[in-house]
Number of protein chains: 2
Amino acid sequence: MKNRIECNVCTNENCFIKQGCFGEWLNKISSQKNQLWYKKGSYIFREGEPIYGIYFIQHGGIKVVTTSLHGREQIVRLAKEGQILGHRGLRKTYYYFNSVAIMDSLVCFVENELFYEACMNCPEFAINLIFFYASELRRAELRVKYQAQMNIREKVAMAFIYIYEAFGMNPETKMLNISLTRQDIADIAGTTAEQVTRQLSNFESEKLIARNKREIIFLNIKELENIIGDYKIE
Amino acid sequence: MKNRIECNVCTNENCFIKQGCFGEWLNKISSQKNQLWYKKGSYIFREGEPIYGIYFIQHGGIKVVTTSLHGREQIVRLAKEGQILGHRGLRKTYYYFNSVAIMDSLVCFVENELFYEACMNCPEFAINLIFFYASELRRAELRVKYQAQMNIREKVAMAFIYIYEAFGMNPETKMLNISLTRQDIADIAGTTAEQVTRQLSNFESEKLIARNKREIIFLNIKELENIIGDYKIE
DNA sequence: TCCTAAACCTGCATTTTCGCATGTTTATTA
DNA sequence: TAATAAACATGCGAAAATGCAGGTTTAGGA
């Protein structure tokens, strides 16, 4: 457990709440927020649970995942520090998705009422939130297209680019800053763990990646991007 | 061509702009908006074109469609009167999607500057816009899951439910209020026109639908919904 | 260090989806 | 009304994706 971090001393300058929410309102949120610590693998919220407010990730990593259909799951989003969480549920009563920590994570929780007031009273924050949603919507709808039209090779390449963009890699070792199982990658790509392994073998023999134990090393990101062609997200 | 319709006399009470934008600001928008008439099949905007503002559908129907990948397209959204159009592009410079009239349509256009000002000055409108985005994002991300996990039968059933919810049907004839080609339906379902035809044959022999010429008659919507199980959007 | 469970890899048979080809029906226009 | 083009239906072989089985590697705890 760590000590409580107030917004005005938080070093997370890119935190979403700070994009347009200042002074009095930031202080209000800071003093009224809850701060919660989640161990890797534990749920922040589950589908069907009541929605009381919204989360901001102070530290760590989180996956938003749908419940299964035909025995499969789908990872809808990866989020890291500074990012907002639970924003799909605004004005709704119950969550539609599950949210699971993929690293030990510290999360700030703000109640609905206070959050709505902040939106109404900080127009700059509201408009930034609108821009953020527009961007997320664009990405999600592109992903609909990708899921509908890409073949497995492209989907798996896309999953790696997505993970790379969400969490980045260590510039020295060229390893991803996050450790995901083949199943997690499959749940992002929209396929099965076996297919991920097969594509990894292909990519390895093409010298696009290398494998060290279970870690993946990126040898040629440009070429991985070429696999998905013009079809990059954003 | 029809005459210009001002917002205060427009009978479209469910128009998005009227959800939180009143008095002075509604008048401002009404007097500064452009009104444009599009014939069925013509483009409202195309991918790559510069974004100057946002649209509201006064009358008609529109499909938002992505450019092709492997020779396929994907219909991302169907929209009818009262709905907003072009909102994915907020703060961006160029459109990411194409927008095509699927009936003769009358559309109101509001410039970016004015729209942003309205958002900043009508907090109720801004928050309704936020709620709308949250809802659209939820839908889009569910569709990612559906595209990834459903089989063809489920996808085609889902496409019909989607069209039905977007445009409704004539309660007498049980025909959809919109005429779409097999290819359009395939572009919603995320498959090919041949597969749509095959599923239609199946649904027909199961007495879920009937076919009269090229029109589709809904005999049993409940059962169509059952095909997609708990997995209804919204 | 050893042991055990979980994760991973790969071959192969099965299932699903695709896409062409061909013939038919429907809508449109002269 | 006839001619023509577009849209639709359907069989079938090809291609892609899936899922199981069996063996291997790795991580983590005793």
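In what follows, chains are A, B, ... by sequence order, proteins preceding strands, each numbered from 1. Hydrogens, waters and symmetry mates play no part in the numbers below; they use all other heavy atoms, side chains included. Predicted model only: the values in this text are computed from it and were never measured.
- The distance from the CG atom of Leu137(B) to the CD atom of Glu136(A) is 6.0 Å, given to the nearest 0.5 Å.
- Environment of CD in Glu111(B): sparse, with no more than 12 heavy atoms of neighbouring residues, nucleotides or ligands closer than 6.0 Å.
- Nearest approach of Ile75(A) to Arg143(A), heavy atoms of both residues: O-NH2, 3.3 Å.
- Comparing Ile152(A) and Glu194(A) by the nucleotide of DNA chain D that holds the closest heavy atom to each, the one mapping nearer the 5' end is Ile152(A).
- Sorted by first and then second residue, the pairs that involve residues 214-224 of chain B and meet side chain to side chain donor-acceptor pair (under 3.5 Å), not counting sequence neighbours, are Glu223(B)-Asn226(B).
- Using a 4.0 Å heavy-atom distance criterion, Arg153(A) is classed as making no nucleic acid contact.
- Here dG11(D) presents its P atom at 13 Å from CD of Gln195(B), a figure rounded to the nearest Å.
- Summary for the helix from dT1(C)-dA30(D) to dA30(C)-dT1(D): the axes at its two ends, each from 5 pairs, differ by 50° when rounded to the nearest 10 degrees.
- The separation between Gln149(A) atom CD and dA17(D) atom P is 14 Å, rounded to whole Å.
- The existence of a salt bridge linking Arg153(A) and Glu206(A) is confirmed by a sub-4.0 Å separation between a basic side-chain nitrogen and an acidic carboxylate oxygen.
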Worked verdict on Gln147(B) versus Lys155(B) for side-chain contact (heavy atoms from CB on, under 4.5 Å): CA-CA 7 Å; Gln147(B) 284 301 325; Lys155(B) 283 186 182 180; 3.4 Å; yes
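- Using a 4.0 Å cutoff to heavy atoms of chain A, the contacted part of DNA chain C runs 5' to 3' from dA6(C) to dC12(C).
- Residue-environment remark: OH (Tyr164(B)) stays at or below the threshold of 12 foreign heavy atoms within 6.0 Å.
- Within residues 196-215 of chain B, the residues having any heavy atom under 4.0 Å from DNA chain C are, by residue number, Arg198(B), Lys213(B), Arg214(B).
- In terms of the side-chain contact (heavy atoms from CB on, under 4.5 Å) criterion, residue partners of Ala166(B) (sequence neighbours excluded) are, by chain and number, Leu78(B).
- When the options Ile178(B), Thr181(B), Val65(B) are evaluated for a side chain to side chain contact (heavy atoms under 4.5 Å, CB included) with Ile102(B), the one that passes is Ile178(B).
- Applying the ring-ring contact (aromatic ring centres under 6.0 Å, His included) criterion to Phe132(A), with sequence neighbours excluded, gives Phe16(A), His87(A).
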